[in-house]
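Below, chain A is the first sequence line, B the second, and so on; all start at residue 1. None of these values were measured; they are calculated from a predicted model.
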Number of protein chains: 2
Amino acid sequence: MTKGANRRATINDVARAAQVSRQTVSNVVNRPDRVAPDTRARVEAEIERLAYRPSSAAKSLREQRAGAVGLELNTLGHGRRGDIIYSFTVELSIGARGHDCHIVTFGSDSDRPSITGYEAMVRARLVDAFVLADTHHDDPRPAWLDKAGIPYATFGRVWDAPDFTGWADVDGAAGTSAAVDHLVAEGYSRVGFLGWPEGSATGDDRRRGWREACERHGIYRESLQASTIQELHPAEEAAAPLIEAVGTGGAIVCVSDVIALAVQQVLLQSGRRPGIDLGITGFDGSPLAEMNDISSVEQPLDQIADELLSQISDRLAGQPLPEQGTLLTPTFVPRASSRRGVEHA
Amino acid sequence: MTKGANRRATINDVARAAQVSRQTVSNVVNRPDRVAPDTRARVEAEIERLAYRPSSAAKSLREQRAGAVGLELNTLGHGRRGDIIYSFTVELSIGARGHDCHIVTFGSDSDRPSITGYEAMVRARLVDAFVLADTHHDDPRPAWLDKAGIPYATFGRVWDAPDFTGWADVDGAAGTSAAVDHLVAEGYSRVGFLGWPEGSATGDDRRRGWREACERHGIYRESLQASTIQELHPAEEAAAPLIEAVGTGGAIVCVSDVIALAVQQVLLQSGRRPGIDLGITGFDGSPLAEMNDISSVEQPLDQIADELLSQISDRLAGQPLPEQGTLLTPTFVPRASSRRGVEHA
DNA sequence: CTGTTAGCGCTTTCAT
DNA sequence: ATGAAAGCGCTAACAG
């Protein structure tokens with residue numbers, strides 16, 4: 001194995017082959033309208049024949065921009081966020097091509113939020129902007145990026161900066177509302193909610209959707225709700241009394257798939273059947289839900305990724321922040337856990 | 001917001017500040033031994049003060065290499081491989097820094113294996129090499145990369161090319177063997193195995209580890225095994241008879257966490273308790289197992305990532321393929337599903 | 001509409 | 001041990 005592949009074609013090779021100057025080739029690629037049709041056709045044919053693609057390094061150097069977006073990955077948030085992060089990373093990677101950029105991932109092994117990874121990426125000019133996938137309370141990153149003048153867009157609102165509008169998120173209330181509609185249509189009588197403690201924008205939105213839909217259907221009962229943190233065992237403990245409260249023939253809308261799994265586990269352990277004895281719905285559309293046959297509210301991760309990349313493009317082009325953040329509508333996906341007649345496999 | 005941050009320092013800025021030519025700065029960074037100690041100290045101080053880092057674009061252009069490794073991500077394999085891919089991606093991203101490179105992810109939305117994404121990355125000279133995380137039967141990628149002369153390293157052996165040695169993998173037999181040792185020590189009497197159909201190197205290794213350990217303990221019974229594909233429902237059907245075959249007080253070693261979850265689900269649905277009535281162990285160390293309190297064989301993903309990046313460095317430096325692939329030893333992590341006395345939470 | 005010139009930041013000769 | 005020169009591939013600005 002020598003070094004790399006058989007030398008790939010450069011802009012000069014194309015220019016020579018097409019009998020034009022290399023600037024003309026550049027124009028054909030970047031400003032096609034400025035080139036005469038027949039010349040353009042000839043050049044395009046040579047580009048095709050030689051499989052020419054501009055060198056990203058040369059382009060970056062010349063344009064003083066990396067053409068890349070950074071994404072921090074860490075092991076911590078994994079199970080917590082219901083495995084959504086991976087799918088989001090995939091969608092971002094797919095979407096990047098359409099935005100004429102690519103995704104560079106980096107990771108920190110420290111378990112505390114830190115900006116060192118971001119600094120390293122910026123210093124090496126490896127990326128022009130960042131996508132933040134999980135901002136949290138006291139997150140130092142937004143302020144640091146603002147100060148450094150580096151564009152970013154966030155999946156979900158920024159906790160400490162309610163006025164920041166560079167985000168895209170799922171319409172949580174629409175999701176839980178759709179879940180309630182489905183449960184009512186299926187004939188479940190009482191519909192409870194197992195959520196996170198009040199105070200998170202995401203969790204509160206999802207609770208609100210449940211409440212409003214229940215009110216709309218005239219079945220809202222304030223007592224049919226409980227809170228727990230995003231972990232299986234605490235959720236199981238919170239689930240038990242709520243299951244009894246809604247009773248057989250009732251249903252529980254859960255704020256996340258992890259919590260829905262907890263409800264289902266408790267139910268199974270007491271010999272009752274999901275769907276038939278108790279309706280359960282989750283939220284996130286994670287593989288966890290699919291694997292356990294739990295109905296879930298699926299997030300449009302492809303749209304979120306695309307929106308965030310668009311926002312980054314705009315900011316890189318010098319445009320100001322949008323008027324407001326973008327809320328995207330999720331899709332309710334029914335599975336066995338919320339079908340009364342269907343045996344849970 | 002103007003364009004990017006306040007212009008970052010270049011090698012010229014450092015040279016001027018340190019009163020040397022810019023080549024000297026370059027030498028300080030790349031060939032420290034060629035510079036007089038006092039000059040070096042002065043330059044290093046300025047580098048620190050100005051937070052100078054070489055521009056990766058300029059370096060790439062000059063050195064004719066991207067300094068990046070490509071990793072294809074797709075949504076397909078997600079649940080299937082027990083969510084390991086995400087953790088692997090994280091470890092690769094973390095490890096990259098130590099190998100003086102970074103990871104560029106790309107995705108294809110097509111559901112068939114294809115090389116178009118790889119071609120695009122290579123053409124744009126965005127990466128020098130690739131990590132392949134999941135080669136499968138009839139995978140077109142290794143042959144294409146070989147032909148194009150692009151280095152790659154694979155997580156797991158290459159199905160169609162048993163002689164290819166540029167891989168790193170987990171020692172599956174050592175993992176299941178450790179699981180059996182643990183189960184025997186815990187006092188489970190009969191130990192069965194629920195695996196994948198014969199024919200995959202990975203699955204067969206894990207089965208072999210179970211068999212050899214059972215033989216070592218004098219408890220091998222050929223009938224206590226069954227096969228299923230890597231999906232929850234088929235696995236549940238295969239699990240039921242095997243659970244009866246090993247009986248109460250027995251245990252089942254599973255070829256993966258997904259399959260272990262299936263066994264646990266069937267057990268719970270029949271009112272029995274994991275660990276107490278039946279021991280269960282999985283394989284992969286996925287969040288799925290952790291979340292469901294299932295004992296698992298954890299893969300040393302950080303070591304695998306590091307090994308693969310080392311191999312890629314070597315090949316980029318012109319060194320030949322290693323004599324043989326690298327097998328890394330996994331760690332058995334006991335949880336409630338394989339403790340006889342402990343109540344499953 | 002096309003060609004020429006210059007230079008992005010860096011490293012590798014080669015000469016001092 | 002240090003400095004000067006050249007050039008990686010590309011595109012913005014200008015001249016023709």
Counting only heavy atoms not in B:Asp100 (residues, nucleotides, ligands), do more than 12 fall under 6.0 Å from its CG?
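No, because the 6.0 Å sphere around CG of B:Asp100 holds 12 heavy atoms or fewer from other groups.
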Are side-chain heavy atoms of B:Leu92 and B:Leu309 found at a separation under 4.5 Å?
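A side-chain contact exists here, since the closest heavy-atom pair is under 4.5 Å.
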What is the nucleic acid contact for A:Ser60, judged by heavy atoms within less than 4.0 Å: base, sugar-phosphate only, or nothing?
nothing
Base, sugar-phosphate alone, or nothing: which one does B:Asn27 contact when heavy atoms must sit under 4.0 Å apart?
nothing
Should the ring pair A:His137 and A:Trp159 be called parallel, tilted or perpendicular, given that the plane angle runs from 0 to 90° and is split at 30 and 60?
tilted
Side chain to side chain donor-acceptor pair (under 3.5 Å) evaluation trace for B:Asp306 with B:His99:
CA-CA 8 Å; B:Asp306 191 69; B:His99 290 271; 2.9 Å; yes
Determine: side-chain N/O of [X] to OP1/OP2 of [N], distance under 4.0 Å, yes or no.
X: A:Lys59; N: D:dG9; result: no
X: B:Thr39; N: D:dT2; result: yes
X: B:Gln64; N: D:dG9; result: yes
X: B:Ser55; N: C:dG9; result: no

The side chain of B:Asn30 is closest to which nucleotide in this list: C:dT12, D:dA1, C:dT11?
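Between C:dT12, D:dA1, C:dT11, the one nearest the side chain of B:Asn30 would be C:dT11.
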Name the closest nucleotide to the A:Thr10 side chain, picking from D:dT2, C:dT12, D:dC10.
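The listed nucleotide nearest to A:Thr10's side chain is D:dC10.
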Euclidean distance, atom [atom1] of residue [X] to atom [atom2] of [N] [Å, nearest integer]:
X: B:Arg125; N: D:dC8; atom1: CZ; atom2: P; value: 13 Å
X: A:Arg34; N: C:dT2; atom1: CZ; atom2: P; value: 12 Å
X: B:Asn12; N: C:dG9; atom1: CG; atom2: P; value: 8 Å
X: B:Glu63; N: C:dT13; atom1: CD; atom2: P; value: 11 Å
X: B:Gln19; N: D:dT2; atom1: CD; atom2: P; value: 14 Å
X: A:Leu126; N: C:dG9; atom1: CG; atom2: P; value: 16 Å
X: B:Leu61; N: C:dG9; atom1: CG; atom2: P; value: 12 Å
X: B:Asp13; N: C:dC8; atom1: CG; atom2: P; value: 11 Å

The helix from C:dC1-D:dG16 to C:dT16-D:dA1: angle between end helix axes, five pairs per end, rounded to 10 degrees:
40°
Closest-nucleotide ordering on DNA chain C, the 5'-leading residue of A:Pro37 and B:Ala57
A:Pro37
Are A:Tyr152 and A:Tyr118 an aromatic pair, judged by ring center distance below 6.0 Å?
no
Please identify each residue that fulfils side chain to side chain donor-acceptor pair (under 3.5 Å) with B:Ser21, with sequence neighbours left out.
B:Gln23, B:Thr24
Can you tabulate the close N/O pairs, meaning under 3.5 Å, that link protein atoms to atoms of nucleotides 4-7 of chain C?
{"residue": "C:dA6", "atom": "N6", "partner": "A:Arg22", "partner atom": "NH2", "Å": "3.2"}
{"residue": "C:dG7", "atom": "N2", "partner": "A:Arg62", "partner atom": "NH1", "Å": "3.1"}

Ionic contact status for A:Glu72 with A:Arg141, cut-off 4.0 Å
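A salt bridge is present here (some side-chain N lies under 4.0 Å from a carboxylate O).
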Flag the pair A:Arg123 and A:Glu119 as a salt bridge only when some basic side-chain nitrogen lies within less than 4.0 angstrom of an acidic carboxylate oxygen.
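A:Glu119 and A:Arg123: salt-bridged.
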Ignoring hydrogens and angles, state whether a donor on the side chain of B:Thr165 or B:Gln324 is under 3.5 Å from an acceptor on the partner side chain.
no
Step-by-step side chain to side chain donor-acceptor pair (under 3.5 Å) determination, A:Gln311 to A:Glu307:
CA-CA 6 Å; A:Gln311 290 195 17; A:Glu307 169 64 24; 2.8 Å; yes
